[in-house]
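Data first, discussion second: the structure below is written as structure tokens.
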Amino acid sequence: MRYISTRGSAPALDFESVTLAGLATDGGLYVPEKWPSLSQDEIAGMAGLSYVETAVRVIAPFVGDALDEDALRALCTQAYGRFEHDAVTPLVQLDHRHWLLELFHGPTLAFKDVALQLLGLLFERFLSNRDTHLTVVGATSGDTGSAAIDALAGRAKVDIFMLHPDGRVSDVQRRQMTTVLAPNVHNIAIQGDFDQAQAMVKAMFADPDFSGRFALSAVNSINWARLMAQVVYYFYAAVRLGAPHRPVAFSVPTGNFGDVFAGYVAAKMGLPVARLIVATNINDILHRALSAGDYSQGTVVPTATPSMDIQVSSNFERLLFDLNGRDAFQLAESMREFETNRAISLTTRQREGASAIFTSARVDGDDMQMAMRWACERAGQVIDPHSAIGLAAAARAEDLAAGVPIVTLATAHPAKFPDAVERATGARPALPPRVANLFEREERYTVLPATLDAVTAYIAERATPRG
Ligand SMILES: Cc1ncc(COP(=O)(O)O)c(C=O)c1O
Ligand SMILES: N[C@@H](CCOP(=O)(O)O)C(=O)O
């Protein structure tokens, strides 16, 4: 399998190189040259398989000869062995139509663990044969940071520098990052928002001097391997609900468009996905783009769903590329226009292609709270505010054919957002035992202004040059 950049002027790479590279050198995002497909029989053959075996079948076409099947199985077994639920990502029924796909049973209690536990192991394996020291730079609105730090803390040949928006993540999210004191972990709180942090990360990749001195890599969903690992749970859930003989819809709380793009990839591979519902909070660039073709950056408004407080959704570029006939020249033009004007309009072709599978909904704080209360009172489930945005959007999908189950992705454990959960339901969720002493641990992080100079100087002083 080869990977090409959405902007067309970076070299095509194999799986190992694309995993280590993260972002393409032309500023684009890597996608497989061709979507692999699984036949209806192959999908039917996933019935009853464990999560690990499902992962091996879904991931194998993407890794090519970088890993043989036994090696892939060993990595998946190790990665998902750290999850606290035997099913890894269990399905929970809410009523006759609605289901929750619980993605938060990993070490840091959010869906990011599903991909990052595997990515940490892939980095280790691919670095073991190379004389390279990796400098991972990442941006987080709360969950990617802790999951990536857990996956990489203490590993040889890699340093991680994680930027989070100062004061705009929950206390649990911040402490999950800042109490990891391994010497290769560097937490930076920037005095700005997530979009500024993400823009700085991309600028570091685009700076030939900086990226020439350090072997940069990414743990955000700009890294293809992140999305690849997330495709698995769409198959796992849909097969349990009757796929390939029955189509299934998914409602996905969305920020950077990574999780829901993984659902699009599953559909491209042959999974019968009836619909992908893109659920945003009031930071609604994706809802405006999908409902009106208006992809224009607004100001980020802090909400009770901080992980979705994003107004530039990196992975939307992957969708725009695919929907416009993979025309890299046109896409690069559009992205240049976006970088200059902070706005683009979707082409008719892109809008029509998107509407064949995506719908979207903007969910405000009141509707989010109502969904949390509904889940608690009617279905006995305490859910986190991000998952509630997804559930509220799912409840609006009244036009879906009868008999199509709607699976809402439950992206974080409610205990990561105890204040918001308590406000909505009156119940304060306790931290699970694996993180119970979080508030007693020492924290370490550095606050920096949201300027590229300040952040690159900080990193350059501490990072190890490429080998
Ligand atoms: C809890 C939670 N829900 C939803 C999202 C949105 O996911 P994505 O950025 O992949 O759209 C995030 C952050 O990414 C998150 O941390
Ligand atoms: N919500 C995310 C933002 C970064 O998204 P990613 O999926 O691209 O890493 C977070 O929790 O950090």
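Remember, it's 1-based here, ligands and their atoms both numbered in the order they're listed. In this text the structure is predicted, and so the values were computed from the model without any measurement. Scope of the values below: all heavy atoms of this structure, side chains included, with no hydrogens, waters or symmetry mates.
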- Message: Using a 4.0 Å cutoff against the non-hydrogen atoms of Phe194, which atoms of ligand 2 qualify?
- Response: 3 (C), 4 (C)

- Message: Out of the candidates Val158, Val201, Asn220, Leu216, only one should pair with Val136 under the side chain to side chain contact (heavy atoms under 4.5 Å, CB included) rule; please name it.
- Response: Val158

- Note on the structure: Nearest non-hydrogen contact to atom 8 (P) of ligand 1 from the set Thr280, Leu103, Asn256 belongs to Asn256

- Task: Pull out every atom of ligand 1 sitting under 4.0 Å from any heavy atom of Gly258, numbered as shown with elements.
- Result: 8 (P), 10 (O), 11 (O)

- Query: How far is atom 4 (C) of ligand 1 from its nearest protein heavy atom, and which residue and atom name does that atom have?
  - Reply: Pro253 O, 3.4 Å

- Nearest protein heavy atom with distance in Å, relative to atom 1 (C) of ligand 1: Asp143 OD2, 3.0 Å

- Message: I'd like to check which ligand 2 atoms, numbered from 1 as shown, lie under 4.0 Å from a non-hydrogen atom of Thr144.
- Response: 2 (C), 4 (C), 5 (O), 6 (P), 7 (O), 9 (O), 10 (C), 11 (O), 12 (O)

- Which ligand 2 atoms does Asn256 reach within 4.0 Å, using its non-hydrogen atoms? 4 (C), 5 (O), 6 (P), 8 (O)

- Message: For Phe104 together with Phe111, are the ring centres under 6.0 Å from each other?
- Response: no

- Quick one: does Ser313's side chain have a donor or acceptor within less than 3.5 Å of a partner on Gly255's backbone? yes

- Query: Do Phe321 and Phe316 make the cut of ring centroids closer than 6.0 angstrom?
  - Reply: no

- Query: Which residue supplies the protein heavy atom nearest to atom 10 (O) of ligand 1, what is that atom called, and how far is it?
  - Reply: Asp259 N, 2.9 Å

- Query: Any nitrogen or oxygen of Ile310, main chain or side chain, under 3.5 Å from a nitrogen or oxygen of ligand 1?
  - Reply: no

- Message: Under 6.0 Å between ring centres: does that hold for Phe83 and His105?
- Response: no

- Is the closest heavy-atom distance from Gly255 to ligand 2 below 4.0 Å? no

- Would you say Asp86 has more than 12 foreign heavy atoms packed within less than 6.0 Å of its CG? no

- Nearest non-hydrogen protein atom, atom 11 (O) of ligand 1: Gly255 N, 2.8 Å

- Item | Closest contact, heavy atoms only, Gln198 versus Val312 | NE2-O, 3.1 Å

- ligand 2 contact by Gln173, heavy-atom criterion under 4.0 angstrom: no

- Task: Would you check whether Val260 reaches within less than 4.0 Å of ligand 1, judged by its heavy atoms?
- Result: no

- Message: Looking only at protein heavy atoms, which one is nearest to atom 3 (N) of ligand 1, and what is the separation?
- Response: Thr411 OG1, 2.8 Å

- Query: Does the pair Phe62 and Trp224 meet the rule for a ring-ring contact (aromatic ring centres under 6.0 Å, His included), with working shown?
  - Reply: CA-CA 10 Å; Phe62 293 106; Trp224 169 256; 5.6 Å; yes

- Message: For ligand 2, which is the ligand I care about here, please tell me if Ser141 has any N or O atom under 3.5 Å from one of the ligand's N or O atoms.
- Response: yes

- Query: Aromatic ring centroids of Phe338 and Tyr295 under 6.0 Å?
  - Reply: yes

- For Asp143, counting its heavy atoms only, list the atoms of ligand 2 lying under 4.0 Å from any of them. 10 (C), 11 (O), 12 (O)

- So which bit of Phe257 gets within less than 4.0 Å of ligand 1, heavy atoms only: side chain, backbone, both or neither? backbone

- Task: For Gly142, take its heavy atoms, then give the atoms of ligand 2 lying under 4.0 Å from any of them.
- Result: 10 (C), 11 (O), 12 (O)

- Message: For atom 15 (C) of ligand 1, what's the nearest protein heavy-atom neighbour? Residue, atom name and distance, please.
- Response: Ser307 CB, 3.3 Å

- Item | Enumerated ligand 2 atoms positioned under 4.0 Å from heavy atoms of Thr140 | 10 (C), 11 (O), 12 (O)

- Message: In this structure, is the centre-to-centre distance between the rings of His164 and Phe194 below 6.0 Å?
- Response: no

- Message: Name the residue from Phe235, Tyr233, Tyr236 that meets the ring pair (Phe, Tyr, Trp, His ring centres under 6.0 Å) definition with Tyr51.
- Response: Tyr236

- Filtering His413, Met308, Lys112, Arg226 for the heavy atom nearest atom 14 (O) of ligand 1 leaves Lys112

- Query: With a 4.0 Å cut-off, would you call Arg288 and Asp294 a salt bridge?
  - Reply: yes

- Task: Look at the rings of Tyr234 and Phe250 and say which category their plane angle falls in: under 30° parallel, 30 to 60° tilted, over 60° perpendicular.
- Result: perpendicular

- For Gln311 and Thr299, work out which heavy atoms get closest and say how close. NE2-O, 3.6 Å

- Query: Can you list the atoms of ligand 1 that are under 4.0 Å from a heavy atom of Ala412?
  - Reply: 1 (C)

- Would Met308 count as a contact of ligand 2 if the rule is a heavy atom under 4.0 Å away? no

- Look at Lys157 together with Glu124 and state whether they make a salt bridge at an N to O cut-off of under 4.0 Å. no

- Side chain, backbone, both or neither: the part of Arg226 lying under 4.0 Å from ligand 2 by heavy atom: side chain

- Message: Looking at ligand 1, is there an atom of it that comes within less than 4.0 Å of some heavy atom belonging to Phe111?
- Response: yes

- Ligand-side contact atoms (ligand 1) for residue partner His386, heavy atom cut-off under 4.0 Å: 1 (C), 2 (C), 3 (N)

- Message: Please determine whether ring-ring contact (aromatic ring centres under 6.0 Å, His included) holds for the pair Tyr445 and His186, giving the CA-CA distance in whole Å, both sets of side-chain angles, and the decisive distance to 0.1 Å.
- Response: CA-CA 7 Å; Tyr445 64 102; His186 308 268; over 10 Å; no

- shortest atom 8 (O) of ligand 2-to-protein heavy-atom contact is with Ser221 OG, 2.5 Å

- Message: Checking the N or O distance criterion of under 3.5 Å, is ligand 2 in contact with Asn220?
- Response: yes

